[in-house]
Number of protein chains: 8
Amino acid sequence: MSQHDILSLLNAVRDGRLSPEDAITKLKLEPFQDLGYAKVDHHRELRQGVSEVIYGAGKTPEQIIGIAQAMRSHGQERILITRIDAGTAALIQNAVPMRYEAQARFGLIGEMPEPDGDGTVVVACGGTSDLPVAEEAALTAEALGNRVTRLYDVGVSGIHRLLSHMEEIMTARCIVAVAGMEGALPSVIGGLADVPVVAVPTSVGYGASLGGVAALLSMLNSCASGVSVVNIDNGFGAGYLAHIINHLGKKP
Amino acid sequence: MSQHDILSLLNAVRDGRLSPEDAITKLKLEPFQDLGYAKVDHHRELRQGVSEVIYGAGKTPEQIIGIAQAMRSHGQERILITRIDAGTAALIQNAVPMRYEAQARFGLIGEMPEPDGDGTVVVACGGTSDLPVAEEAALTAEALGNRVTRLYDVGVSGIHRLLSHMEEIMTARCIVAVAGMEGALPSVIGGLADVPVVAVPTSVGYGASLGGVAALLSMLNSCASGVSVVNIDNGFGAGYLAHIINHLGKKP
Amino acid sequence: MSQHDILSLLNAVRDGRLSPEDAITKLKLEPFQDLGYAKVDHHRELRQGVSEVIYGAGKTPEQIIGIAQAMRSHGQERILITRIDAGTAALIQNAVPMRYEAQARFGLIGEMPEPDGDGTVVVACGGTSDLPVAEEAALTAEALGNRVTRLYDVGVSGIHRLLSHMEEIMTARCIVAVAGMEGALPSVIGGLADVPVVAVPTSVGYGASLGGVAALLSMLNSCASGVSVVNIDNGFGAGYLAHIINHLGKKP
Amino acid sequence: MSQHDILSLLNAVRDGRLSPEDAITKLKLEPFQDLGYAKVDHHRELRQGVSEVIYGAGKTPEQIIGIAQAMRSHGQERILITRIDAGTAALIQNAVPMRYEAQARFGLIGEMPEPDGDGTVVVACGGTSDLPVAEEAALTAEALGNRVTRLYDVGVSGIHRLLSHMEEIMTARCIVAVAGMEGALPSVIGGLADVPVVAVPTSVGYGASLGGVAALLSMLNSCASGVSVVNIDNGFGAGYLAHIINHLGKKP
Amino acid sequence: MSQHDILSLLNAVRDGRLSPEDAITKLKLEPFQDLGYAKVDHHRELRQGVSEVIYGAGKTPEQIIGIAQAMRSHGQERILITRIDAGTAALIQNAVPMRYEAQARFGLIGEMPEPDGDGTVVVACGGTSDLPVAEEAALTAEALGNRVTRLYDVGVSGIHRLLSHMEEIMTARCIVAVAGMEGALPSVIGGLADVPVVAVPTSVGYGASLGGVAALLSMLNSCASGVSVVNIDNGFGAGYLAHIINHLGKKP
Amino acid sequence: MSQHDILSLLNAVRDGRLSPEDAITKLKLEPFQDLGYAKVDHHRELRQGVSEVIYGAGKTPEQIIGIAQAMRSHGQERILITRIDAGTAALIQNAVPMRYEAQARFGLIGEMPEPDGDGTVVVACGGTSDLPVAEEAALTAEALGNRVTRLYDVGVSGIHRLLSHMEEIMTARCIVAVAGMEGALPSVIGGLADVPVVAVPTSVGYGASLGGVAALLSMLNSCASGVSVVNIDNGFGAGYLAHIINHLGKKP
Amino acid sequence: MSQHDILSLLNAVRDGRLSPEDAITKLKLEPFQDLGYAKVDHHRELRQGVSEVIYGAGKTPEQIIGIAQAMRSHGQERILITRIDAGTAALIQNAVPMRYEAQARFGLIGEMPEPDGDGTVVVACGGTSDLPVAEEAALTAEALGNRVTRLYDVGVSGIHRLLSHMEEIMTARCIVAVAGMEGALPSVIGGLADVPVVAVPTSVGYGASLGGVAALLSMLNSCASGVSVVNIDNGFGAGYLAHIINHLGKKP
Amino acid sequence: MSQHDILSLLNAVRDGRLSPEDAITKLKLEPFQDLGYAKVDHHRELRQGVSEVIYGAGKTPEQIIGIAQAMRSHGQERILITRIDAGTAALIQNAVPMRYEAQARFGLIGEMPEPDGDGTVVVACGGTSDLPVAEEAALTAEALGNRVTRLYDVGVSGIHRLLSHMEEIMTARCIVAVAGMEGALPSVIGGLADVPVVAVPTSVGYGASLGGVAALLSMLNSCASGVSVVNIDNGFGAGYLAHIINHLGKKP
């Protein structure tokens, strides 16, 4: 809760427009709606400037629909739903109109917005197997209002593939670099670019990839500056962070 | 090497001002100076917009002095040197004038610049023991031209300490959140702020902290959006990334 | 076996009411009933003051039914059965009347008792996906005779949700804090409360959550005092410990 | 900050005794004193009912002395200082009178209090090498006002040593069980006792003990109910939690 | 190949009964029969004194049958087959008469032998879920000619269950101690007995049991002497080792 | 991209046969064909001297067919496809004639070539369960033009089996040593041979084999010289490396 | 406490020679002497048939001397002290006559006994660096009354070194196999011998040896039967277990 | 022992020139000299074609000198000694003339030989801190008779540094790629070269580098073909393997 909200509340108390007891009640009840299994936060758009997102993994279709409907009844027009398989998506679509992207396991209620960011977000990935995570990042960024350039299959073991895209890399506002196995892509991109590079390890690989831990460690140890890392397979988190970075120019 | 550099080179070849053989030679020799133990990159300031940084760990004082002098003779006025202990710092100071901050093990050749970023960088940390890493981040950001606000000892087990600084958090352009032990600070800050949060786990702790791995994992699993993570104790990397984010408005 | 039991036995020997050979036999045979695949401990209620619990995982439905019937034939009226899926539950219900809670995979033979504890047990959890573990803890505590207050979806990345429940937190006798992913909830609650906080990591998450190990490590490193930890997903263990703490006032 | 404090503040605003702006200032400045490197929390004794504790590891002697003197100047009479070596202790003793226990690396400013708990705290440990951690737990509990019974060298590989202390185990209010190596002591005690058992793994051992991780895992997997675990070597945390449990009867 | 075999071979060469070239051929071809996918070792019974064992995991039913039939056609009457599920067992039984024990996933071709060991082998386990591994150990030992006493469900959290079997423990020739979760059983038994204790960790448990690694580490760190450890769930290996120990008195 | 290619390009620019802008375009577009989900590298055969390989895991049958057809339309006659199950293989065979080896999950489009290497590649493995990985290595080497000798079921626990094949080992040009469980085979072979030994750990085993990590670590710690290691189960990588080593004599 | 002891006690009670209260006291006080920091177990020699051993690591020289003197005053003539460095040994030797073996960090009070075991114990090790652990095992076995044959520097990467000692291996009663790095020695020996093989991993190695964990895992995964494992560097435990095995023929 | 040696021996027996008993003795005693703490293998040069190497770590200076002198008295002229610090080197130099390279902790007795390999070995490394390991590899290769080209400080975060050395990379016979931190260098080089790439992870780094494990995992997961890996910091092993590869053309 912001400083400003507390100040308004206190002024209301001083002016006698609000009793202290009611002020406490207000502090408790206002910011979210309690569905029993989840507290839907209707103030979040104001506080953080983006649409609410529903993390689908671990929730039943019924819970997801319940949360989405509560949001929509409060006027939320665009809702992102991540990590839902095709079966869950079909159940949701029965209740609410939703676009579904199967590869990225990504759903969008409402229209894709016009890009209004400061520049372009590049999403690069190493191999075909990294596509689901890369697409989750790209679609998340697009759904939040960012222009996205996709550079796929540019892994470091064929370095000329990456170097042929120097122009896109040099002119991006933020780069999401997705890679499994040895996870070296963010290091190479980080050495070429001068904007933030958000590294996303993927669980692609086998044996000593340890479910993505090898790529994760590789990225954390990147000797290129400007690189930071999100969780394994967390395409959403990377796309969201790229969105925040690409809209900093909109802040007062 | 940028697209633009290659184009210039090719134009020179076409115009007969440069032979193809010389072009290859130029590609090889130009961008850095080879000291035998290190290749000093004199083009980096142009390409990435910041001063060269010497990562001091694993280098002898002689190597550091050699690199620094090579840079200075090429006109580099400001040089950051990280991870140097007091003994090494004293040896460097005998050869080159340098400011040394012992707690952060941080050296600066040249003057601290005026801040010219888009906003303020907040550096927050959980406990007194995290100070060396937090200071490395703060000094790095300052030495690259950023205004820095320090919020120290605001760990989540005394949440009111953090909440009393909501104003600084809400108005920052980028927040560096440093924490050891359970590493929860970035999650809480990430839920309060709407700017990028760079999380830095520290090796502070004992037993099941596993040298900072516990805090690292905690941060990678943050359920707050906008949080990304750098290596354990990597205050420099966090300060550098905050600098890039805080200067994006300067990009064309 | 208690001091008191040994003393009685020895007195019986001295008084000639029991031969030494029979005493040894008694030491061996009395305290439990051997079903071949399990030894049912009929003295446990006396020694530890609670009902017997059957840990369902790794047991066949037949074994569970056999144990339950042996207990009931010794007069045990209330039996908790944990970690049983719906199929197993149906098989048991064919043999013995049992209430089954699917989300928590929890069965109860006999009536839910009246609360008789010293105060209230709070069960808090971070997100919707943590509900099964939280419910296992809450139902266990209720079935052992505790009044339980549920605070669900109060994760630290939306700290105001938690702060709006300060009253429940401040007046609890014991708090069970359930969280996956970064596992920071117990640290924040531990800083707010002055009663024991039992932390339960959950396996909710993906990638670097390492099946709950990230949350586990985070909790073990909590810098808040009064926090201790049980195994990943061990809602039963936490509910049971909360019960013991909440009934200490009943001890002589 | 408690509900009650907020209510008082709001009443003061309503009655015109405090302006809203001053209320915010008060929220920020009151609860702790900022020493630059640490925020000393003078309200903590009220909120949590115990003396302030200084965690000595990672702090310089100067910082420790500074914090201790700030506390004493606010009327704090008893201060526990943990994890300080003999050299640091000597420096502190030059500035402030302090009792120092070398084996436990434990300092106490002020008098040891009279026990005022609900019952007795038992501290048990497996071997001679576990003594430092066990003593840290025991001294912490004593310094907070608990009667402590020490059962040392009662490891499970000589089970008769432990069984000869059944009486102390059966009559304790809370048991702290300290063990390194295979860490089995809490499981055995947990099967004998019906009070909370706080398990403390120690880093005693070599090879596959992995610095205490083997004992930690063993304790987390205890099949005895009523057992919870704190960090490796965290004698302080165990003693503190035992204190909270042993004073629950004092709560209103 | 034994010293004795080499000597015979060399004598045959010296006496002209064997050419050097044939001697080399003999060295290569004799000791096993090559089935393409496996080399069946017909000399093993002579060298090691026991029947051949087929480790079923990772082999197709056809391969197992092929190996068994090759053995039987060389006069091997008793063959143990481990780690086979019910489906595989049925396929084998179509080709060769075999007794199958489903819980232990254990097959035996030929008759169970009369016990001819030096004493008794005790197989003890902690809980009902450990039964499959314990039975694999017990059946292996029996099939190799050992009298086996089973002590099941004697976990350390109910120490009186174990103590009531002191007589069996004190008179055994070798004890196999099987336990999952915290893995403390071998430590307690090792402190009571004065014969070799073979510890078998099981993968029973969840969360921080890490698939049996917690129990494994616990056993490796046992502070009881005379304890050694085999791989997780390796009931066969433990039963086999117990057999070797229990037949040492038969050696010349 | 090779030095030679750059030089040709630059000469074309100097001679006016190519504009600088077109040169950059050429650098970008030439070396591969972009299928959207993959960039097929038609220059690779020239640069690295072998056929293109499709790593099948993580690709849909449609993607594999698309890549294979793009290659064949560029004149590629032989294509290896690894890590495909029987179902995928059938789908591919509907579109393109392909030989499929089920045990090795290996497909080959085009004819098996005549061996043209410098010598023989030996592929050795420890047990029957290692066959799939060993066959992947052997088939890969054969498909790239190498004579392969298979030594299967020569694990170190029956050392005479291995020693009977000294001749094959002593005359090989490169040895691929495949082993799961304790992974000792490469160490023993490395001590016998004086050619490169490529060690391949397999995920064969259970419990403390940790999915092949035990064998991997064992091989990395081999005290025999001349041994290097590839990823767990990476038969393809080992066969490919053996091929490169066995064709070094063909290099100018 | 043995069955027999309990029976005697009970008979004494029945006969009126002992009151029940005294019996309990006897149960508590008899079997060990409490030095405060350690309970010395004077019954152990009777129960387990060997001399008491003092594990020196983690004990002060004063504590070791105290324990040793308490033992000697109870008639204990031979005392083994393990894991003591040269400084500690010198301090002990000032108080008690003791033989000290520096490489093995092993002390012996009293005379080395005549071998009285059933056969010979072989101690084999892989390399020169494993000598300290191998010697700890060998000296322990000798001090407990076993004839020991040492086979040092017989690592598997030079397999002929080991094979030249087939006679010693084939005639041993128990073999202790010590190895660091890849830890393959016990597997090879286990395949050659038909007696128990006690495997001891050592912390010798670097990098991926992970302090001995690589060797430990390798040994646990040995595909040779008859192999079991003790903790990393636990030469004492292996020597002790070999002693028990080698004296089984002495049991009634 | 080679096939050929066995054949000779057998022929001697048949011809009556050697008794069978003496043949066995010969098999045992010949191939090495037993110094008690080490068996010096005088046949190794014949069998494996290179000089004997002494691995210095874990050996006392006295042991090293003893081994070296035994070798020299058998006519061995060139001896490599690895992993020795300056103090040990000085002690050796007192006894035997030896060249010592401090950075690589590498000693050489005898003259550096003329290169006689098939081509050139390239040793590349990522940063200044990797120099000690890279130099160990380079010096080892040189001392065994290889021409070595050093490419230092060519890390992937400044990819142009590496690309300017394409000519050396394209014409090498074998490439040793040394890197710490993210360990990406071998992947990039593997994609550029068509010869074997031996990857050496180094322990350079901090935090999540986990002592070189991050780089190791990265290299094992390299998606470039032709890459294999040796142990962390194992410059010797890499240089030795490069030597074997670079001398394959010398084999018959």
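Within every chain, numbering begins at 1; the chains are lettered A, B, ... in the order of the sequence lines, protein sequences first and strands thereafter. All heavy atoms count here, side chains included; hydrogens, waters and symmetry mates do not.
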Distance check, rounded to the nearest 0.5 Å: [X] atom [atom1] versus [Y] atom [atom2]?
X: Leu220(G); Y: Leu220(E); atom1: CG; atom2: CG; answer: 6.0 Å
X: Cys174(E); Y: Leu248(G); atom1: SG; atom2: CG; answer: 8.0 Å
X: His243(G); Y: Ser225(E); atom1: NE2; atom2: OG; answer: 10.0 Å
X: Ile232(G); Y: Asn221(E); atom1: CD1; atom2: CG; answer: 8.5 Å

More than 12 heavy atoms from other groups under 6.0 Å of CZ on Arg147(E) |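 Counting neighbours around CZ of Arg147(E), 12 or fewer heavy atoms of other residues, nucleotides or ligands fall under 6.0 Å, so no.
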
Taking all heavy atoms of Leu241(E) and all of Gly226(G), pick out the closest pair and write down the distance.
->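 Heavy-atom minimum between the residues: CD1-O, 3.6 Å.
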
Among the options Asn231(E), Thr171(E), Val229(E), Leu217(E), pick out the one with the most heavy-atom pairs lying under 4.5 Å from chain G.
->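 Result: the option with the highest number of such pairs is Val229(E).
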
Who among Ala238(G), Ser222(G), Pro196(G), Gly237(G) has the most heavy-atom pairs with chain E under 4.5 Å?
->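 Most pairs with chain E among the choices: Pro196(G).
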
Answer with side chain, backbone, both or neither: which region of [X] has an atom nearer than 4.5 Å to a non-hydrogen atom of chain G?
X: Tyr55(E); result: neither
X: Val230(E); result: both
X: Leu216(E); result: side chain

